[in-house]
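Notes to accompany the following structure.
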2 protein chains.
Amino acid sequence: MIPEATVARLPVYLRALTALADRGIRTCSSEELATAAGVNSAKLRKDLSYLGSYGTRGVGYDVDYLRYQIAREIGVTQDWPVVIVGIGNLGHALANYSGFRSRGFRVVALLDADRSRHQEVVAGVAVRPFDDLEAIVHEHAVAIGVIATPAAAAQDVADRMVACGITSILNFAPAVLAVPDGVDVRKVDLSIELQILAYHEQRKAQVGQAAASVDGVDGLDGLDGAAGVGSGQLDGATIGVDK
Amino acid sequence: MIPEATVARLPVYLRALTALADRGIRTCSSEELATAAGVNSAKLRKDLSYLGSYGTRGVGYDVDYLRYQIAREIGVTQDWPVVIVGIGNLGHALANYSGFRSRGFRVVALLDADRSRHQEVVAGVAVRPFDDLEAIVHEHAVAIGVIATPAAAAQDVADRMVACGITSILNFAPAVLAVPDGVDVRKVDLSIELQILAYHEQRKAQVGQAAASVDGVDGLDGLDGAAGVGSGQLDGATIGVDK
DNA sequence: AGGAGCTTGTGAACGCGAGAACAAAATCTC
DNA sequence: GAGATTTTGTTCTCGCGTTCACAAGCTCCT
């Protein structure tokens with residue numbers, strides 16, 4: 001129903017609206033909200049139009065009302081129990097991340113296959129054996145699992161999760177997961193993001209060099225247009241030198 | 001030159017090739033590599049064709065050769081010095097992440113504004129005051145900065161980075177950054193990914209409920225088609241119930 | 001009340017990316 | 001060496017997402 005690209009931006013709008021609300025702003029135009037969210041206003045309006053007509057022409061959007069509508073649409077008005085598997089450095093960081101709790105995600109269990117970690121308590125939650133997964137998933141009706149294990153273990157963990165009835169997986173391990181239809185997987189790969197930046201960085205260097213050697217003009221001609229809103233952050237990197 | 005969507009997949013292919021090489025495989029077809037990378041073979045071939053003709057018809061690709069070509073194109077054959085700002089839980093995890101080093105990213109400095117952290121040594125690198133940023137950037141010719149601070153500090157950090165000459169930023173803070181043209185920003189937002197999963201999870205529940213209440217048929221009809229390769233992982237979540 | 005001035009919501013055009021299908025080229029078989 | 005087989009590289013088509021442009025609708029002012 002709602003395009004995938006729009007779904008991916010709704011949480012950004014939600015965050016921007018929360019920031020506006022925190023500053024005491026009660027009403028905003030699509031232009032203001034778009035700026036706060038880092039997109040252009042046409043896209044914002046089209047995105048919001050998929051949810052319904054929650055704005056008022058000539059006026060704008062009621063911040064709190066729109067915030068509630070988006071939250072409801074995404075599903076963050078309800079409570080989502082989450083299990084995190086793999087309590088290494090990243091697992092620790094995730095368990096402690098306050099942004100989960102504040103958006104309706106409750107970490108009900110931390111699991112790790114390593115026995116030496118089972119005495120640990122992270123962010124107020126005890127680390128338990130991985131084999132407890134099924135019991136926990138059934139007890140708390142967990143639908144979302146987070147994988148923060150090494151790559152080698154990721155597929156096994158995913159298989160076990162699916163077997164227990166988990167239908168959404170957030171994967172931080174640098175591995176491609178095979179899952180049945182009906183199971184959603186999203187992956188976050190830290191090193192891939194850096195590699196994408198490196199690619200553009202390399203191109204900038206090449207272009208800058210070529211331009212400098214050919215006609216002495218700096219290849220990065222946009223630097224004076226400072227403070228332009230970071231455009232297109234969601235879709236990908238902004239590319240300084242185009243074409 | 002190379003489409004952005006392709007650039008985003010090249011690191012995935014690189015990882016898949018490395019995995020194949022580790023298993024002693026010298027040659028692979030586009031079909032095999034595509035499976036390993038979680039994409040379909042047509043897309044893979046098209047992506048690779050942007051780099052040049054590095055395969056042999058009727059045979060396939062030489063794993064090592066293709067790996068080198070992709071690495072060169074991305075720019076990970078060279079060494080990229082990186083600074084990480086914000087050594088909280090996430091900063092710790094990033095500093096310790098081995099996937100950076102193994103792909104040519106070298107963490108040359110960890111910076112934090114909090115004085116109480118300046119005695120710390122994380123992953124063999126001392127935590128230094130944020131004000132040392134400029135000296136470090138110039139000394140090591142740093143082009144890539146990682147922001148792992150709270151959201152409130154992110155824009156200030158970004159501004160300082162840009163002022164020092166950093167032209168690529170990986171932002172983990174849940175904030176929209178405004179940067180000049182010519183500076184690339186990529187963002188990773190952990191809670192946004194979870195919210196996207198929550199949205200689809202909510203829809204699954206609704207559809208399942210509707211189907212169950214209408215005709216008693218389970219809404220998730222694809223679960224028996226187990227072990228289908230996780231399709232379209234890069235582009236977004238796979239959606240179990242379509243239309 | 002009526003017009004001026006905004007701002008939303010949407011129809012239409014456009015461009016990019018995905019996937020299918022096929023031609024080109026290499027190897028293998030006999 | 002010729003045909004069969006395999007697999008790449010590329011062309012073409014389709015669909016989605018972005019952006020533009022404008023009509024519809026609300027408020028404010030006179």
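In what follows, chains are A, B, ... by sequence order, proteins preceding strands, each numbered from 1.
Heavy atoms of B/Tyr50 sit nowhere under 4.0 angstrom from any nucleic acid atom.
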Within the sub-3.5 Å range, which N or O atoms of nucleotides 26-28 of chain D have a protein N or O partner, and how far apart are they?
residue, atom, partner, partner atom, Å
D/dC26, O4', A/Arg57, O, 3.1

Listed pairs, N/O of protein and of nucleotides 12-15 of chain D, under 3.5 Å:
residue, atom, partner, partner atom, Å
D/dC12, N4, B/Lys46, NZ, 3.2

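Taking atom CG on A/Asp47 and atom P on C/dG9, their separation rounds to 12 Å, with Å as the unit. Atom CD in B/Glu4 sits about 12 Å away from atom C1' in C/dC16, given to the nearest Å. Distance B/Asn40 CG to D/dT8 P: 13 Å, rounded to the nearest Å. Going from atom CG of A/Leu66 over to atom P of C/dT7 covers 16 Å, rounded to whole Å. Nucleotide C/dG9 holds its P atom 12 Å from the CG atom of A/Leu33, rounded to whole Å. Rounded to an integer number of Å, the gap from A/Leu48 CG to D/dT19 C1' is 16 Å. Between the CZ atom of A/Arg45 and the C1' atom of C/dC6 there is a distance of 12 Å, rounded to whole Å. As a whole-Å value, the separation of A/Lys43 NZ from C/dT7 C1' is 20 Å.
The pair B/Arg15-A/Asp189 meets the salt-bridge criterion, with a side-chain N (NZ, NE, NH1 or NH2) lying under 4.0 Å from an Asp/Glu carboxylate O.
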- side-chain contact (heavy atoms from CB on, under 4.5 Å) between B/Met161 and B/Ile169, worked out: CA-CA 8 Å; B/Met161 282 182 169; B/Ile169 295 175; 4.1 Å; yes
- Task: Would you please test B/Arg103 and A/Leu194 for side-chain contact (heavy atoms from CB on, under 4.5 Å) and show each step?
- Result: CA-CA 9 Å; B/Arg103 286 175 183 79; A/Leu194 270 189; over 6 Å; no
- Run the side-chain contact (heavy atoms from CB on, under 4.5 Å) check on A/Val76 and B/Tyr199 step by step: do they pass? CA-CA 8 Å; A/Val76 294; B/Tyr199 169 80; over 6 Å; no
- Does the ring-ring contact (aromatic ring centres under 6.0 Å, His included) test come out yes or no for A/Tyr65 and A/Tyr54, once each step is laid out? CA-CA 8 Å; A/Tyr65 181 60; A/Tyr54 295 135; 5.7 Å; yes
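A/Asp47 and A/Thr6 share a side-chain donor-acceptor pair at under 3.5 Å. Side-chain contact, A/Arg45 with A/Ser30: a donor N or O sits under 3.5 Å from an acceptor N or O.
Under the side-chain hydrogen bond (donor to acceptor under 3.5 Å, both in side chains) criterion, A/Glu73 pairs with no residue, sequence neighbours left out. In this structure B/Arg57 satisfies the salt bridge (Lys or Arg N to Asp or Glu O under 4.0 Å) test with no other residue, sequence neighbours excluded.
Every pair passing side chain to side chain donor-acceptor pair (under 3.5 Å) that includes a residue from residues 143-159 of chain A is listed here, sequence neighbours excluded: A/Gln155-A/Asp159.
Residues of residues 24-32 of chain B having a heavy atom closer than 4.0 Å to DNA chain C: none are found.
You'll find that the side chain of A/Arg9 is closest to D/dT18, out of D/dT18, D/dC22, C/dA18.
The local environment of CZ in A/Arg72 is crowded, with over 12 non-hydrogen atoms from other residues, nucleotides or ligands closer than 6.0 Å.
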